[in-house]
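See structure below.
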Amino acid sequence: MMLLLTLPGSGGVWEEGKHAENGQKWRSLEHKGPLFPPEYEPLPSSVSFLYNGTPVILRPATEEVATFYAKMLDHEFTTKEVFQNNFFTDWKEVMTETERQLISDLSQCDFSNIHKYFVEKTEEKRNMTKEEKQVLKEEANKLTEEYGYCLLDGHREKIGNFRVEPPGLFRGRGEHPKMGKLKKRVQPEDVIINCSKDVKIPEPPPGHRWKKVQHDNTVTWLASWVENIHGHIKYIMLNPSSKLKGEKDWQKYETARKLKLSVDSIRSEYQSAWTSCEMKQRQYGVALYFIDKLALRAGNEKDDDTADTVGCCSLRVEHINLHRHLDSLDYVVEFDFLGKDSIRYYNKVPVEKQVYKNLKLFMNSKNPDDDLFDRISTTYLNKKLNEAMPGLTAKVFRTFNASTTLQEQLNQLTTGQCTWVSWPILAYNRANRAVAILCNHQRAAPKTFEKSMQLLQEKIKKKQEEVEKAKKELKQAKKEHKQLPSEVLVQKMEKTVKRLLEQLKKLQLLETDRNENKVIALGTSKLNYLDPRISVAWCKKNNVPVEKIYNKTQRAKFAWAIDMADENFQF
DNA sequence: CAGATGACTTGAGCATAATGGG
DNA sequence: CCCATTATGCTCAAGTCATCTG
């Protein structure tokens, strides 16, 4: 599917991107290849690894893997059995025969000297003088300047990740069965370079050669290699600020906006599927209902060697509980499962009676670990969706519902007598938060949360006292000047009270804002789900500088939207 | 047509830089 | 101005979905 994206009157660079017929992503591509991490530097001889209490000298390759473990010593996951076993198995594979003979028990390994050495090293680095830090910074800038950019169709574009990932110990999210495995060092011989034919081919590091150099302009990556933990391909790609990525992003939101036109008919279609005589259709109807109503992810099947997480289509019977009545509500579904990144999804949702009845039916005579939607797959779901509207897939609903929610919330919070109107940024955050909650974007509560809340509360108390004091003084002054109520002093005091009250109100709103934000992450939805044109238009309409909403990076990513959206844009 | 592969988006957490209050 | 707190950028894992393959 190719959307032809044109915007009347906008002119400029964003209309150029029309060459994507037959899947061509670029005409010319030139870059310097990825930057490799520095070679391993052996430990000074004074830092020793102990086995059974006695120092053992390891060959550099073995020692390097030992340092990976040593560096992680104060992380909780090094205490996990899976982590230790995976590490030890992979470490032994790196050892020489002699080393392997000796080191047969991880619990006899003492990495504490190595750990201490690295702690000291970070400390040293922290204590470097400003000048030394400056030198380091300049060196880093030089590398970014050299490797961080490429030339795509004649435009200099920022690369997203120009560094090859360094070796280390794999730490997946959640209870990952492969945690602790050795993530091997990537060599130039593992790397495929993608660039145009007529251009200077990047030099491999001295003494090395590339795995392959190809010239495929139907893909957007500059380099790739296969990672050894799962055998997945890793890519070097462009930064979100690039034209290539920007146009793709724009297209994504245009697809979501197109859903607006057919969402009513799609909704009534899946609702009628709830009473279909075919079980498969009923499952389709209920699954899509969840995706639409709750913004669940599609839920593809996963490999066994990954953490046990689910999305909509992979929900199992054990992940929901049905309540005929709950908290004065009827037909409540209680969801409790681990989603992407092993983030818990917990929600109690009242549903239509027919949905409830169907869920009972789907669960009938199944085991807890059986699939809830056993007759459908994400492939089937997406095939049906694509028939309903070209380009429509499950994830479009997330974008659609997120952006629609933002638009509605902004319209609501910034009109009328609502208290948020006076502080539009807080209103915006609140709208953003409604979306983040919908999408279940969570974060760990900040370490200093309680402390900073306490501080804020003290501030509020102080301000309250100030208000009281000012009010009293005003009263007193009024009394004293009863015969002269228009006295300048009284007016001034009235102003002070008013100002203090405003400040108090703002602090209290800030407190609400912080509290509501404790475990909610706004960044992900802002970056991936909210049509930036909604925000840009809102800024213009409310005279809020766009810088208050988007920082420099975000403005670069959303340059296309800032460029084209006027204040009348509606999602 | 199921399963594998490939390309690309989405995601949380962490290191570092920037900021602002004492 | 300095230190602590917050904001930003980076990292790399983990999803989605289209296409390939046998």
Side-chain angles (χ1 to χ4, degrees), chain A residues 1 23 25 37 75 122 125-126 130 133 136-137 140 144 148 158-166 168 170-174 176 178-179 183 192 194 216 218-221 224 226-227 229-241 244-245 248-249 251-252 291 296-303 306-307 309-314 338-343 377-383 385-386 391-399 402 436 439-444 446-449 451-452 455-456 459 514 519-529 550-554 556-557:
Chain A
M1 178 224 40
K25 306 289 168 58
H75 275 283
T122 22
K125 212 177 156 191
R126 199 193 356 258
K130 254 184 195 157
K133 280 182 182 167
L136 244 58
K137 202 175 160 186
T144 307
K158 212 170 168 180
I159 299 171
N161 56 325
F162 57 88
R163 287 167 203 275
V164 169
E165 292 174 16
F170 175 80
R171 175 62 176 108
R173 318 268 162 86
H176 198 116
K178 295 205 168 188
M179 65 169 85
K183 193 171 127 171
I192 300 176
N194 195 42
D216 181 356
T218 68
V219 295
T220 65
W221 52 268
S224 74
V226 175
E227 148 274 331
I229 302 289
H230 295 99
H232 291 159
I233 311 171
K234 296 266 183 167
Y235 302 95
I236 303 286
M237 284 189 193
L238 292 185
N239 188 276
S241 63
L244 194 72
K245 294 281 189 190
K248 198 77 190 300
D249 209 34
Q251 184 182 310
K252 175 181 82 185
I291 284 170
L296 298 191
R297 297 187 185 83
N300 288 303
E301 276 185 66
K302 293 185 63 181
D303 288 341
T306 60
T309 63
V310 296
C312 185
C313 291
S314 47
L338 297 183
K340 182 177 176 180
D341 294 324
S342 294
I343 297 293
S377 65
T378 53
T379 311
Y380 175 73
L381 190 81
N382 281 334
K383 219 185 96 208
L385 290 175
N386 197 254
L392 186 60
T393 62
K395 86 184 182 86
V396 177
F397 280 87
R398 250 168 104 80
T399 314
C439 294
N440 200 229
H441 289 142
Q442 297 192 24
R443 61 166 181 178
K447 281 189 198 93
T448 53
F449 184 82
K451 216 174 103 196
S452 77
L455 236 59
L456 189 59
K459 252 184 171 174
R514 291 248 188 104
V519 291
I520 306 294
L522 301 184
T524 302
S525 50
K526 201 173 187 178
L527 238 46
N528 299 303
Y529 289 105
Y550 291 137
N551 66 35
K552 203 173 127 216
T553 331
Q554 293 164 340
K557 167 165 179 170

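The model shown is predicted, which means the values in this text are computed figures rather than measured ones.
- The environment of A/Lys133 atom NZ is dense: over 12 non-hydrogen atoms of other residues, nucleotides or ligands sit within 6.0 angstrom.
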B/S/- contact track for nucleotides 12-22 of chain C, protein heavy atom under 4.0 Å: BSBSBBS----
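- For A/Lys158, the NZ atom counts as loosely surrounded, since its 6.0 Å shell holds 12 or fewer non-hydrogen atoms of other residues, nucleotides or ligands.
- Residue A/Ile192 contributes atom CD1, which lies 13 Å from atom C1' of B/dT5 at whole-angstrom precision.
- Atom C1' of nucleotide B/dC8 and atom CD1 of A/Ile236 are separated by 14 Å, given to the nearest angstrom.
- Nearest-nucleotide mapping onto DNA chain B: of A/Val219 and A/Ser525, the residue sitting toward the 5' end is A/Val219.
- Summary of the strand contacts: A/Ile233 and A/Ile343 both lie near DNA chain B, and taking for each the nucleotide with the nearest heavy atom, the more 5' one is attributed to A/Ile233.
- Residues satisfying the salt bridge (Lys or Arg N to Asp or Glu O under 4.0 Å) criterion with A/Glu227, sequence neighbours excluded, are absent altogether.
- Counting to the nearest Å, the P atom of C/dA7 and the CD atom of A/Gln554 are 12 Å from each other.
- Using cut-offs of 30° and 60° for the angle between ring planes, the A/His230 and A/Phe170 rings count as perpendicular.
- A/Leu527 has its CG atom 10 Å from the P atom of B/dG11, to the nearest Å.
- Atom P of nucleotide B/dT9 and atom NZ of A/Lys252 are separated by 8 Å, given to the nearest angstrom.
- One atom, CG of A/Asn551, and another, P of B/dT19, lie 11 Å apart when rounded to the nearest Å.
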